[in-house]
> 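First the structure, then my questions, so here it is.
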Amino acid sequence: MVSPPHEAMHRIFQHDPGLFSRVSRFLGVDIPTPVKATALPTDLTEANPVERRVDTLLRLETADQGPYLLAVEAQGKKHPDKPASWAYYTAYLWTKYRLPTALLVVCQDHATAKWAQQPVSCGPPQLPTLTVQPLVAGPHNMPVITDPEEARADLVLASLAAITHAAEPDVDAILKALSTALRDAPEDVAKPLVEFTAQGLAKRPAKNLWRNLVAVDLSFYKSYLAEEVRDEVRAAVRDEVRNEVRDEVRDEVRDEVRDEVRGEVRDEARAESRAEDILLILEQRGLGISEDVRSRITHCTDPELLRHWLARAVTVPKAEEVFEDA
């Protein structure tokens, strides 16, 4: 599965094809600024071989040196098969379009960048035949842009700097400078760069800082990043509200139950008092009270029945006759 950083590292060159000429000075070469750029199909599959696709492919035209092709590959880790694929890409593109072909590999860690920039030949040592040595942009050579004014001068380069330094200690300062510079940028300029930067940071710790800077603090447009934060906040608020409502309902139910229990306890107290009155009258009249009679009277909770027994207790000749006609 293609990761967000992978997409950000090469699609940013589709967004601003002139970025390559500005990046090239950090790579030790001088590439003219293109006067025209055309995105070409990335499918390099022939009739029979297996499918092969380059990440981004651009046709760049210059005023003095004419057109050339730029293939951009995002590389997240070392892969022993990649140099052969890159050799295929450049040879195929050169054959198909008959144009000079440049290969740029964008990395986010020093080890991968060092591996990618090593020349690899397809022939034996004494007959190299075809040697592939791509230009490599990564944390080892991309600028650390921590000045908002410098970031404002080239917002796309500042975004690429943040992406390539995503795992570096300097990334926080780069992000703060970029977010400050983006405050004054039009929405159509700022929005894609915020998206590219967010994709490039992926799940790294700096992603949280970036979200706070652009989705919370700046809030200069609605984006998936802002919506992502809103969804998380909405979920947290929903939990808080659910707990509050649960507490409110619990309080309401507690009040209702308290009233019900208070009524039940009041009835029980009245029943106990009436039962004591019945037993007291029978005792005062000198009537014998068996355990069955006493138990039946004390365990009765029906106030009307107890009232009836109380009236009969005054006149019955035997305690057992209290229950007759009940």
Side-chain angles (χ1 to χ4, degrees), residues 3-31 33-34 37 55-56 58 60 70 72 74-76 104-110 113 135-221 223-226:
S3 66
H6 180 278
E7 293 298 281
M9 284 191 285
H10 72 88
R11 287 188 180 275
I12 195 169
F13 289 90
Q14 296 179 22
H15 174 71
D16 182 358
L19 176 63
F20 178 55
S21 64
R22 306 198 298 277
V23 167
S24 67
R25 61 190 176 92
F26 299 102
L27 310 182
V29 294
D30 185 14
I31 303 296
T33 301
D55 289 334
T56 284
L58 300 171
L60 303 178
L70 173 64
V72 183
Q75 194 65 31
L104 174 67
V105 177
V106 184
C107 306
Q108 290 182 297
D109 67 274
H110 292 273
L135 289 172
V136 177
H140 65 297
N141 57 11
M142 285 295 92
V144 177
I145 301 176
T146 58
D147 182 356
E149 289 302 318
E150 185 180 356
R152 189 174 289 111
D154 195 334
L155 293 171
V156 182
L157 180 62
S159 177
L160 180 64
I163 293 170
T164 53
H165 288 88
E168 299 295 306
D170 297 322
V171 67
D172 287 359
I174 297 174
L175 294 176
K176 291 177 182 178
L178 178 58
S179 66
T180 300
L182 286 172
R183 290 181 181 179
D184 302 327
E187 180 177 332
D188 60 340
V189 173
K191 182 174 182 177
L193 296 181
V194 170
E195 305 288 348
F196 282 130
T197 305
Q199 286 183 328
L201 296 173
K203 297 181 179 180
R204 291 181 172 87
K207 174 74 171 290
N208 293 328
L209 172 62
W210 185 239
R211 289 183 359 172
N212 289 335
L213 290 171
V214 301
V216 179
D217 295 340
L218 299 184
S219 299
F220 44 67
Y221 73 95
S223 71
Y224 91 89
L225 189 63

> Between atom CG of N208 and atom NZ of K203, what is the distance when rounded to the nearest 0.5 Å?
12.5 Å

> I would like to know whether H15 and R11 meet side-chain contact (heavy atoms from CB on, under 4.5 Å); could you show each step before the answer?
CA-CA 6 Å; H15 174 71; R11 287 188 180 275; over 6 Å; no

> Quick one: which residue pairs count as a side-chain hydrogen bond (donor to acceptor under 3.5 Å, both in side chains) with a foot in residues 137-148, not counting sequence neighbours?
none

> Does any non-hydrogen side-chain atom of I163 lie less than 4.5 Å from one of M142?
no

> For A177 versus A151, what's the shortest heavy-atom pair and its separation?
O-CB, 4.0 Å

> Measuring from atom OG1 of T56 to atom CE of M9, what distance do you get when rounded to the nearest 0.5 angstrom?
11.0 Å

> Is the shortest distance from a Lys or Arg side-chain nitrogen in R22 or D16 to a carboxylate oxygen in the other one below 4.0 Å?
yes

> Could you pull out the closest heavy-atom pair between F196 and S159, with the gap in Å?
CB-OG, 4.1 Å

> So, for P5 and A202, which heavy atoms are closest and what is the spacing to 0.1 Å?
CG-CB, 3.3 Å

> State, with a plain yes or no, whether a side-chain heavy atom of R204 is found less than 4.5 Å away from one of Q108.
yes

> Nearest 0.5 Å please: distance from the NE2 atom of H165 over to the CD1 atom of I145.
9.0 Å

> Looking at side-chain heavy atoms only, is the closest gap between F13 and D55 below 4.5 Å?
no

> Could you check L178, L213, L182 and say which one makes a side chain to side chain contact (heavy atoms under 4.5 Å, CB included) with V194?
L182

> I want to check something: taking the side chain as every heavy atom from C-beta on, are S24 and L135 in contact at a cut-off of under 4.5 Å?
no

> Just how far is it from atom CD1 of I174 to atom CH2 of W210, taken to the nearest 0.5 Å?
11.0 Å

> Can you name the nearest heavy-atom pair linking A185 to L155, along with the distance?
CB-CD1, 4.0 Å

> Go through it in stages, so that I can follow the logic: the residues are R25 and D30, the test is salt bridge (charged side-chain N to carboxylate O under 4.0 Å, His left out), and I'd like the CA-CA distance, side-chain angles, deciding distance and then a yes or no.
CA-CA 6 Å; R25 61 190 176 92; D30 185 14; over 6 Å; no

> Any side-chain heavy atom of S179 within less than 4.5 Å of one from L175?
no

> When rounded to the nearest 0.5 angstrom, what is the spacing between CG in L19 and CG in D154?
7.0 Å

> Can you give me the closest heavy-atom contact between L201 and A166, atom names plus distance?
CD2-CB, 3.8 Å

> Nearest 0.5 Å, please: how far is NZ in K191 from CG in D188?
10.5 Å

> When you measure from the side chain of T164 to the backbone N and O of L160, does any donor-acceptor pair fall under 3.5 Å?
yes

> Begin with the C-alpha distance, continue with both residues' side-chain angles, and end with the deciding distance and a verdict on side-chain contact (heavy atoms from CB on, under 4.5 Å) for L27 and L104.
CA-CA 10 Å; L27 310 182; L104 174 67; 3.7 Å; yes

> Where do G200 and A8 come nearest, in terms of heavy atoms and distance?
N-CB, 3.6 Å

> With heavy-atom distances below 4.5 Å as the criterion, would you say the side chains of V106 and H10 are in contact?
no

> Given E168 and H110, is the side-chain contact (heavy atoms from CB on, under 4.5 Å) satisfied, shown in steps?
CA-CA 10 Å; E168 299 295 306; H110 292 273; 3.4 Å; yes

